[in-house]
2 protein chains.
Amino acid sequence: MSGVHVARVAARIRADIISGGLEPGARLTEKLLAERYEVSRVPIREALRILSAEGLVTIRPYAGASVADRPDDDAADLFAIRIELEAATARRAGERCAAQTGERSAEISELLVELERILAEGDQTLKAGDLIKLAPLNSQFHQRIAELSGSQSLVSLLDQISGRIEWLYAVNVTKRGGEAWAEHHLILDAVRQGQAQRAEELMRHHVAGSRDSYFKYARPSS
Amino acid sequence: MSGVHVARVAARIRADIISGGLEPGARLTEKLLAERYEVSRVPIREALRILSAEGLVTIRPYAGASVADRPDDDAADLFAIRIELEAATARRAGERCAAQTGERSAEISELLVELERILAEGDQTLKAGDLIKLAPLNSQFHQRIAELSGSQSLVSLLDQISGRIEWLYAVNVTKRGGEAWAEHHLILDAVRQGQAQRAEELMRHHVAGSRDSYFKYARPSS
DNA sequence: TCTTACAGGTTTGTATACATTCGTGAAACA
DNA sequence: TGTTTCACGAATGTATACAAACCTGTAAGA
């Protein structure tokens with residue numbers, strides 16, 4: 001993305017926030033972060049600016065950075081937005097595949113292979129009952145579908161919104177079972193066969209199910 | 001937002017990109033920007049990281065920053081997302097006003113006053129036929145409604161999405177007339193009276209009209 | 001002619017030093 | 001006792017210096 005260390009540092013702080021390791025309101029002093037990640041304050045500051053733009057961190061002039069408030073009350077609205085967003089990525093991914101049924105560009109082919117791999121790995125993980133490891137695979141699936149849409153805007157918006165939604169699960173993680181995983185196969189099939197409208201409908205249903213599971217099982221206790 | 005100069009620099013670069021003064025693909029060398037804005041490279045770099053997270057700028061390691069591709073093909077999808085987003089802000093703004101009909105908190109009262117002022121100024125501007133100046137007032141109106149929702153997430157997401165949509169208008173600006181301005185009055189009335197559902201419906205209609213105007217008049221020629 | 005190697009300059013990435021601001025707590029005073 | 005002032009420490013904001021990587025064009029060689 002940018003500086004060599006900046007991306008790494010931002011990713012680690014982001015993971016610490018989303019995982020719940022850093023509580024909302026916790027101060028993020030540059031000196032402490034610089035020592036923890038063994039870089040100077042410059043990459044730290046740049047990483048904090050990125051996280052600020054992502055809404056995970058609040059920065060006030062001369063007062064420094066702190067972990068932003070977790071958007072607990074925004075769950076329903078965030079899911080509503082995410083439904084439209086992912087519906088768009090699925091439809092456009094389907095359209096791109098439909099436009100190139102003859103011989104597909106290298107980028108599309110690679111993404112399709114990657115998606116197959118993710119699904120296969122998820123199937124195995126699911127069979128082993130290792131639900132914890134399913135979460136990152138789920139994220140990767142949706143991210144790759146977005147990349148398949150060919151729209152940089154949709155990719156980065158999905159990053160932001162799904163990041164915030166994952167943050168909501170920080171307290172009680174993954175009570176949501178793997179029942180939704182099978183839907184991924186249907187979505188990818190529709191996309192690959194260029195059935196854009198069907199892919200969109202399946203994705204809407206899928207994300208709506210994710211939303212319902214959240215309100216049923218994973219509502220934060222706070 | 002953060003550093004003293006960082007916010008100012010980021011705002012100016014952002015304005016230059018959205019206004020079309022900087023073409024997509026244009027390189028943004030730190031040295032040039034530092035000289036133009038008369039600060040060192042440090043605030044420049046931080047501003048570029050913010051704009052990168054906003055999707056306006058692309059950064060590659062050791063290759064620097066350049067203006068990202070304008071999301072022309074994403075207009076329909078961006079508007080679809082924006083409809084859900086602004087529907088949420090309007091509804092929740094209405095809910096907050098409904099919850100405090102007796103005596104309103106200082107923050108809500110101030111925002112309502114500010115919204116009145118924006119509407120009045122827009123009415124005058126409209127009467128004078130000064131359509132150019134209507135655009136920023138329009139942005140402010142929607143931004144204040146979002147702040148009235150009380151959700152920081154929705155505010156920052158609106159910033160990002162509306163920023164990209166404004167970017168779409170860079171080529172041929174504001175052919176869209178002021179016919180939609182009157183709808184703002186209806187929306188604010190519904191919000192103030194705590195009619196959350198009505199506010200949401202009005203906002204959906206309003207943004208959908210904005211979308212239709214875009215495809216009717218302001219489609220970029222490229 | 002085309003390819004390859006390399007030197008030079010340019011640009012980005014990081015570290016350090018200095019300037020500025022803010023928060024805090026002790027001391028002076030009413 | 002309560003309030004105000006002010007000085008000091010700590011953190012942020014910025015500038016500068018240096019290191020590392022990249023790009024370009026030039027020349028040697030096949």
Side-chain angles (χ1 to χ4, degrees), chain A residues 1-17 21-69 152 156 159, chain B residues 1-17 21-69 107 152 155-156 159:
Chain A
M1 184 192 290
S2 59
V4 178
H5 295 150
V6 174
R8 189 179 60 85
V9 168
R12 292 195 57 177
I13 300 176
R14 190 186 297 115
D16 284 343
I17 293 176
L22 288 171
E23 291 286 317
R27 286 206 59 190
L28 301 170
T29 59
E30 298 171 1
K31 188 163 178 281
L32 180 74
L33 295 172
E35 289 167 358
R36 178 179 303 174
Y37 300 118
E38 296 179 310
V39 292
S40 77
R41 283 175 51 215
V42 175
I44 298 292
R45 284 178 63 86
E46 296 179 8
L48 289 174
R49 295 302 174 281
I50 294 173
L51 296 172
S52 168
E54 291 178 2
L56 297 177
V57 156
T58 302
I59 300 181
R60 289 176 309 167
Y62 297 107
S66 50
V67 179
D69 293 331
Q152 187 54 47
S156 63
D159 277 349
Chain B
M1 184 192 292
S2 59
V4 178
H5 295 151
V6 174
R8 189 178 61 86
V9 168
R12 291 194 58 177
I13 301 176
R14 189 187 295 116
D16 284 343
I17 293 175
L22 288 171
E23 292 285 316
R27 286 206 56 189
L28 301 170
T29 60
E30 298 172 2
K31 188 161 177 281
L32 180 73
L33 295 172
E35 289 167 358
R36 178 181 304 174
Y37 299 118
E38 295 179 311
V39 291
S40 78
R41 284 174 51 214
V42 174
I44 298 292
R45 285 177 63 86
E46 296 179 9
L48 289 174
R49 296 302 175 278
I50 293 174
L51 296 172
S52 169
E54 292 178 3
L56 296 177
V57 156
T58 302
I59 300 181
R60 289 176 309 168
Y62 297 106
S66 51
V67 179
D69 292 332
E107 185 205 351
Q152 186 54 47
V155 170
S156 64
D159 275 350

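Within every chain, numbering begins at 1; the chains are lettered A, B, ... in the order of the sequence lines, protein sequences first and strands thereafter.
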Interatomic distance where [atom1] belongs to [X] and [atom2] belongs to [N] [whole Å]:
{"X": "B:Arg45", "N": "D:dG13", "atom1": "CZ", "atom2": "C1'", "result": "16 Å"}
{"X": "B:Ile59", "N": "D:dC22", "atom1": "CD1", "atom2": "P", "result": "16 Å"}
{"X": "A:Leu48", "N": "D:dT14", "atom1": "CG", "atom2": "C1'", "result": "16 Å"}
{"X": "B:Leu28", "N": "C:dT11", "atom1": "CG", "atom2": "P", "result": "13 Å"}
{"X": "B:Glu46", "N": "D:dT12", "atom1": "CD", "atom2": "P", "result": "12 Å"}
{"X": "B:Glu35", "N": "D:dA15", "atom1": "CD", "atom2": "P", "result": "13 Å"}
{"X": "B:Arg60", "N": "C:dT11", "atom1": "CZ", "atom2": "C1'", "result": "13 Å"}
{"X": "A:Ile44", "N": "D:dG13", "atom1": "CD1", "atom2": "C1'", "result": "16 Å"}

Using a cutoff of under 3.5 Å, can you pull out all pairs of nitrogen or oxygen atoms linking the protein to nucleotides 16-20 of chain D, with atom names and distances?
none

| query | Starting at the 5' end of DNA chain C, which residue's closest nucleotide do you reach first, A:Ala63 or A:Glu38? | reply | A:Glu38
| query | Which residues pass the side-chain hydrogen bond (donor to acceptor under 3.5 Å, both in side chains) test with B:Ser66, sequence neighbours left out? | reply | none
| Looking at residues at least two apart in the chain, or sitting in another chain, which of them share a salt bridge (Lys or Arg N to Asp or Glu O under 4.0 Å) with B:Glu107? | B:Arg96
| said: Side-chain N or O of B:Arg27 versus OP1/OP2 of C:dT12: is the shortest distance under 4.0 Å? | reply: yes
| message | Does D:dT14 have its OP1 or OP2 closer than 4.0 Å to a side-chain nitrogen or oxygen of B:His5? | response | yes
| field | side-chain contact (heavy atoms from CB on, under 4.5 Å) assessment of B:Arg14 paired with B:Leu51 | value | CA-CA 7 Å; B:Arg14 189 187 295 116; B:Leu51 296 172; 3.9 Å; yes
Could you list the donor-acceptor pairs under 3.5 angstrom formed between side-chain atoms of residues 31-38 of chain A and any protein atom two or more places apart in sequence or on another chain?
{"from": "A:Lys31", "atom 1": "NZ", "to": "A:Glu35", "atom 2": "OE2", "distance (Å)": "3.4"}
{"from": "A:Tyr37", "atom 1": "OH", "to": "A:Asp16", "atom 2": "OD2", "distance (Å)": "3.4"}

| request: Check for a donor-acceptor pair, side chain of B:Arg27 on one end and backbone N or O of B:Ala63 on the other, with a separation under 3.5 Å. | output: yes
Side-chain donor-acceptor contacts of residues 4-13 of chain A below 3.5 Å, not counting sequence neighbours, with atom names and distances?
none

| query | Which of these nucleotides, C:dA15, D:dT12, D:dT14, is closest to any side-chain atom of A:Thr29? | reply | D:dT12
| request: State which of D:dT14, C:dG13, D:dT12 makes the closest approach to the side chain of A:Glu30. | output: D:dT12
| task | Under the side chain to side chain contact (heavy atoms under 4.5 Å, CB included) rule, collect the residues that match up with B:Ala65, sequence neighbours excluded. | result | B:Leu28, B:Leu48, B:Val57, B:Ile59
| said: Counting the atoms with a prime plus P, OP1 and OP2 as sugar-phosphate, which does B:Arg49 contact under 4.0 Å by heavy atoms, base, sugar-phosphate, or nothing? | reply: sugar-phosphate
